[in-house]
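In what follows, a structure is listed as structure tokens, so that the remarks can point back to it.
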Amino acid sequence: MAGPLPYDHLFKILLIGDAAVGKSSIMLRFTDDSFDDKLQSTIGVDFKVKMMEVGDKKIKMTIWDTAGQERFRTLTSSYYRGAQGIMLVYDVERPETFDNLNKWLEEVETYHPGRGRDVVKLLVGNKVDCPRAVPREQAEAWARSKGMLFLEASAKTEVGIRQAFEEVVHKILESP
Ligand code: GDP
């Protein structure tokens with residue numbers, strides 16, 4: 001006999017953004033509490049599972065990483081389908097990864113079944129342990145104008161990583 005499910009909610013959370021901004025590193029820091037300076041971009045991980053408790057609720061998260069496919073621009077509907085949360089990641093050291101966020105947002109609007117409206121979006125400025133080239137205020141203002149949450153993080157030093165996932169989960173739980 002199957003008992004009750006071991007969780008109250010199942011959420012699919014995606015990481016998107018340019019190559020090498022740190023998407024896999026953010027995922028691995030959160031799910032395995034590990035960091036690798038020489039992470040191979042072809043690591044090939046599709047998704048990882050992580051349990052989290054919020055109040056008395058158990059949340060099961062599947063966290064999806066692009067596994068390098070963004071290089072070939074082959075992320076399509078199946079990747080986006082069913083996602084409740086999307087983290088758009090840029091590298092604070094490389095302004096071009098910030099400039100490309102509009103393209104990523106367009107992609108969400110094209111491929112996410114709800115055209116990106118009924119999904120929680122969080123902008124993550126990763127690698128804050130490095131010298132920054134993208135001002136925090138600029139990123140914050142852009143995120144606000146797009147109705148997105150925002151924070152800066154470092155998968156290397158752990159700053160902001162847990163908070164990023166918590167903010168997304170809280171916001172999903174608050175959504176109608
Ligand atoms: P992805 O292609 O977006 O998945 O990026 P990766 O997670 O493969 O990271 C690309 C490179 O940046 C790797 O060499 C990581 O070790 C490095 N990296 C990722 N996050 C950070 C960070 O917060 N700080 C620093 N200094 N390096 C990072």
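In each ligand, atom 1 is the first atom listed, and ligand 1 is the first ligand listed.
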Go through ligand 1 atom by atom and flag the ones less than 4.0 Å from a non-hydrogen atom of D36. 15 (C), 16 (O)
Please could you name the atoms of ligand 1 that D129 approaches to less than 4.0 Å, counting only its heavy atoms? 22 (C), 23 (O), 24 (N), 25 (C), 26 (N)
Are any of the N/O atoms on [X], whether in the backbone or the side chain, positioned under 3.5 angstrom from an N/O atom of ligand 1?
{"X": "S25", "value": "yes"}
{"X": "V21", "value": "yes"}
{"X": "A155", "value": "yes"}
{"X": "A20", "value": "yes"}

When you look at L123 and L149, which way does the side-chain contact (heavy atoms from CB on, under 4.5 Å) test go after all the steps? CA-CA 6 Å; L123 178 64; L149 302 167; over 6 Å; no
Does a side-chain N-to-carboxylate-O contact under 4.0 Å join [X] and [Y]?
{"X": "R132", "Y": "E152", "value": "yes"}
{"X": "K48", "Y": "D32", "value": "yes"}
{"X": "K58", "Y": "D8", "value": "no"}

Which option, D18, N126, I16, owns the non-hydrogen atom nearest atom 20 (N) of ligand 1? N126
Out of K23, E158, M27, whose heavy atom is nearest to atom 3 (O) of ligand 1? K23
Among V49, L14, I13, which one satisfies side-chain contact (heavy atoms from CB on, under 4.5 Å) with T62? V49
Can you sort out the partners of A153 under side chain to side chain contact (heavy atoms under 4.5 Å, CB included), two or more places apart, ordered by chain and number? V124, N126, L151, I161
The side chain to side chain contact (heavy atoms under 4.5 Å, CB included) partners of H9 (sequence neighbours excluded) come to F11, K57, I59, L173
Just to be sure I read this right, does ligand 1 sit under 4.0 Å from the backbone of C130, its side chain, both, or neither, counting only heavy atoms? side chain
